[in-house]
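The sequence lines fix the lettering, A, B, ..., with proteins before strands; numbering per chain opens at 1. Atoms considered below: every heavy atom in the structure, side chains included; atoms not considered: hydrogens, waters and symmetry mates.
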Amino acid sequence: MHSVVEDLNSRDREEIIREAETRFPEILHKMKKEQEHTLPDLPGDHRDVVMRLAPSPSGPLHLGHTRMAILNDEYVRRYSGTLILRIEDTNPGNIDPEAYRMIPEDLESLGVKVHKIVIQSSRLDLYYSEARSLIEKGFVYICTCERETAKRYKAEMKACPHRNTGVEENMEMFEKMVSGEIKAGEASAVVKTSLDDPNPSLRDWIAFRISPHRHPLVGDRYVLFPTMNFSVAVDDHHLKLTHVVRGRDQLNNTYRQRFIFRYNNWKEPYYFHYGMISYPGTLLKTSLMKKGIREGKYKGWDDVRLLTVRSLIRRGYRPETFRKYWVDSGLRDVDATFSWEIFDSINRGFVDQTAMRLFFVRDPVKIRIEGAPEMEAKIPFHPSRPDLGKREYRIGVNQHVYIQQSDMNGMSEGDTVRLKDLCNVTFHNGLFHYSEGQELLRRGSIIHWCPENSSSYRVEKPDGTVDSGLIEPLGKDITGVVQMERYGYVNSFPEKGIGYYTHR
RNA sequence: GCUCCGAUGGUGUAGUCCGGCCAAGCAUACCGGCCUUUCAAGCCGGCGACCCGGGUCCAAAUCCCGGUCGGAGCACCA
């Protein structure tokens, strides 16, 4: 047997294939396998899977959040588990009260099913009691060093003077922090890890600090707040999380949170950290978006220029698109670049089947078709869906129609073009003359048009520009994603005479 | 600087754990053709990749070592 392998390895591929063809033709038949991309199975027990989405309420969700939302939702659906939306509002200085409402809305519009909502600021007593228990075990101490001093100690791998304070005193100090007797910046509660950890971010990290800001929900009652690493660890345990799927930027946080699990002898969930996605040239920082809105640069969170979930949905991106894109991307831990090309192509696939075709004439130019008889245009609403019917217009003798300025600019003396589904016209001496022919013209010479009684319409585009023009009369009855012929897909709100540009 | 992670076509990915079915699959983009009274969609065909250098092995995208490049973190943000 071995010698056969050696023999084959040493021989030429071509030669082997030639021999195989003659001797065993059937084995060369290679089936083309269909590849539907699916997420890998998660390890561990698949009964009672509990996962969570843990955004901070600093604003609505944006494109960057959609991956964690979709991925967690996908797995919970697969295992019939429970998905918890945990709003991480333990930093009072960074809360937009509107976000408590907007985040669930955004998730719903993405088709993410949340089974339970947990708000961390309503669980502060739980965090306090876990803190007391860790103080008692000597894993948490109260530090009154100045911020810079504490940083220096850590950088030098040295213990600060408070690291060995006794349990009693720590407990006493902690209660003073809870009660508000100690002011912001004067003390913090620190988790004792190891000072010589080679990873500097894991050395004695802060678990609680007193906030100088008033918390919008519980501001009258609480001033002491846990940092995310503490509240996350406590909640992941108390909410019985089985699997945690999040970005690689959280990796060091996971290491920090593990100390809490270890000190309490809690069973850890399985952790997954997918790679970072870079979104070239786009603004995905909630704080910057908020600033822009405050300054009047953007109209609101759903401004077409912003990549918030609400804006993308309003532009006509379908929830299935987000889902397919992120499932296709998988759980890889490699960093990648977001591809609008692929994202748009996926969306086009979903939207095209149902998008009614309409004429939108940008920068309209009024023309008359010299010598034209009374005409009737019957234009399919969808070229491959006859069941959707036709739009019909009657163009009387001497009535005007509108064509696009850019098409007008392209006309040269003697050119014949076709007004789509209406008639051929020849450009002569600056006028358009009716032309008998109905024959199909060469590609590129069919232009769209609008009848006289069209309505004015504008399309807002994500680059901040606006195209103004006319939409054909029947367009005012069609809401939702439509395809403006020779223009692109638009989510149309005809009652307002406006559409939001989806993509080409 | 320190810690941790990663590297497959222009882009997004499959395969890597457990080496042989990988002569590397799929999608997107691009090119050509078909269809079409939209520059859309659809159909057919084509182009195009295992970061570099060593090693182990009959056999390496896959395992080991070194290098290079890229990313995340090193906040009393999440």
Which residue, A:L239, A:I117, A:L53, forms the side chain to side chain contact (heavy atoms under 4.5 Å, CB included) with A:R86? A:L239
I'd like to know whether the aromatic ring centres of A:F139 and A:F259 sit less than 6.0 Å apart in this structure. no
Pick base, sugar-phosphate or nothing for [X], based on heavy-atom distances below 4.0 Å to the nucleic acid.
| X | value |
| --- | --- |
| A:F359 | nothing |
| A:R357 | base |
| A:N229 | nothing |
| A:F338 | nothing |
| A:C143 | nothing |

If I pick the [atom1] atom on [M] and the same atom on [N], what distance separates them, to the nearest angstrom?
| N | M | atom1 | result |
| --- | --- | --- | --- |
| B:G20 | B:G25 | P | 16 Å |
| B:C18 | B:C63 | C1' | 11 Å |
| B:C44 | B:G6 | C1' | 38 Å |
| B:C47 | B:A60 | C1' | 27 Å |
| B:G67 | B:C4 | P | 15 Å |
| B:A75 | B:C65 | P | 31 Å |

Between [options], which nucleotide gets closest to the side-chain atoms of [X]?
| X | options | answer |
| --- | --- | --- |
| A:S329 | B:A78, B:U37, B:U13 | B:U13 |
| A:E88 | B:U38, B:C4, B:A78 | B:A78 |
| A:R348 | B:A29, B:U38, B:A7 | B:A29 |
| A:R332 | B:U13, B:U37, B:C76 | B:U13 |
| A:S188 | B:C76, B:C5, B:G12 | B:C76 |
| A:D421 | B:A78, B:G12, B:U37 | B:U37 |
| A:I342 | B:A41, B:U38, B:G12 | B:G12 |
| A:K151 | B:G12, B:C76, B:A78 | B:C76 |

Please list all pairs passing the side-chain hydrogen bond (donor to acceptor under 3.5 Å, both in side chains) test where one or both residues lie in residues 54-68 of chain A, with sequence neighbours left out. A:T66-A:W326
Under 4.0 Å: is that the gap between some side-chain N or O of [X] and OP1 or OP2 of [N]?
| X | N | value |
| --- | --- | --- |
| A:R86 | B:A78 | no |
| A:T337 | B:G12 | yes |
| A:T90 | B:A78 | yes |

With sequence neighbours excluded, tell me which residues meet side-chain contact (heavy atoms from CB on, under 4.5 Å) with [X].
| X | result |
| --- | --- |
| A:A372 | A:I369, A:M375, A:Y434 |
| A:M411 | A:D415, A:V417, A:F427, A:F432 |
| A:P40 | A:Y75, A:L331 |
| A:D387 | A:R385 |

Using the 3.5 Å cut-off, write out each protein N or O paired with an N or O of nucleotides 70-73 of chain B and the distance between them.
from  : atom 1 : to     : atom 2 : distance (Å)
B:G71 : O4'    : A:D335 : OD2    : 3.4
B:G71 : O2'    : A:D335 : OD2    : 2.6
B:G71 : N3     : A:R248 : NH2    : 3.3
B:G73 : O2'    : A:N252 : ND2    : 2.5

Can you see which heavy atom on A:F343 is nearest to which on A:T321, and at what distance? O-CG2, 3.5 Å
Of residues 53-70 of chain A, the positions that come close to RNA chain B - non-hydrogen atoms, cut-off under 4.0 Å: A:S56
Quick one: list whatever passes ring-ring contact (aromatic ring centres under 6.0 Å, His included) with A:H238, sequence neighbours left out. A:W266
Result for 5'-nearest mapping on RNA chain B, choosing between A:R203 and A:T227, is A:R203
Return the 5'-most residue of the pair A:S339, A:L419 with respect to RNA chain B, ranking by each residue's nearest nucleotide. A:S339
Could you give all pairs that pass the salt bridge (charged side-chain N to carboxylate O under 4.0 Å, His left out) test and reach residues 332-344 of chain A, with sequence neighbours left out? A:R248-A:D335
What pattern of brackets, bars and dots sums up RNA chain B from 5' to 3', given Watson-Crick or G-U wobble pairs under 3.5 Å, [ ] for crossing pairs and | for another strand? (((((((..((((......[....)))).(((((.......)))))....(((((..]....))))))))))))....
Determine, for A:D89 against A:R123, whether the closest basic-nitrogen to carboxylate-oxygen distance falls under 4.0 angstrom. no
With sequence neighbours excluded, residues passing salt bridge (charged side-chain N to carboxylate O under 4.0 Å, His left out) with A:E485: A:R391, A:K420
Base B:A75 paired with A:R147 side chain (donor-acceptor, <3.5 Å): no
Per-pair distances, 0.1 Å, donor-acceptor, side chain in residues 189-196 of chain A, under 3.5 Å, sequence neighbours excluded:
from   : atom 1 : to     : atom 2 : distance (Å)
A:K192 : NZ     : A:G138 : O      : 3.4
A:K192 : NZ     : A:R163 : O      : 3.3
A:T193 : OG1    : A:L202 : O      : 2.6
A:T193 : OG1    : A:D204 : N      : 2.8

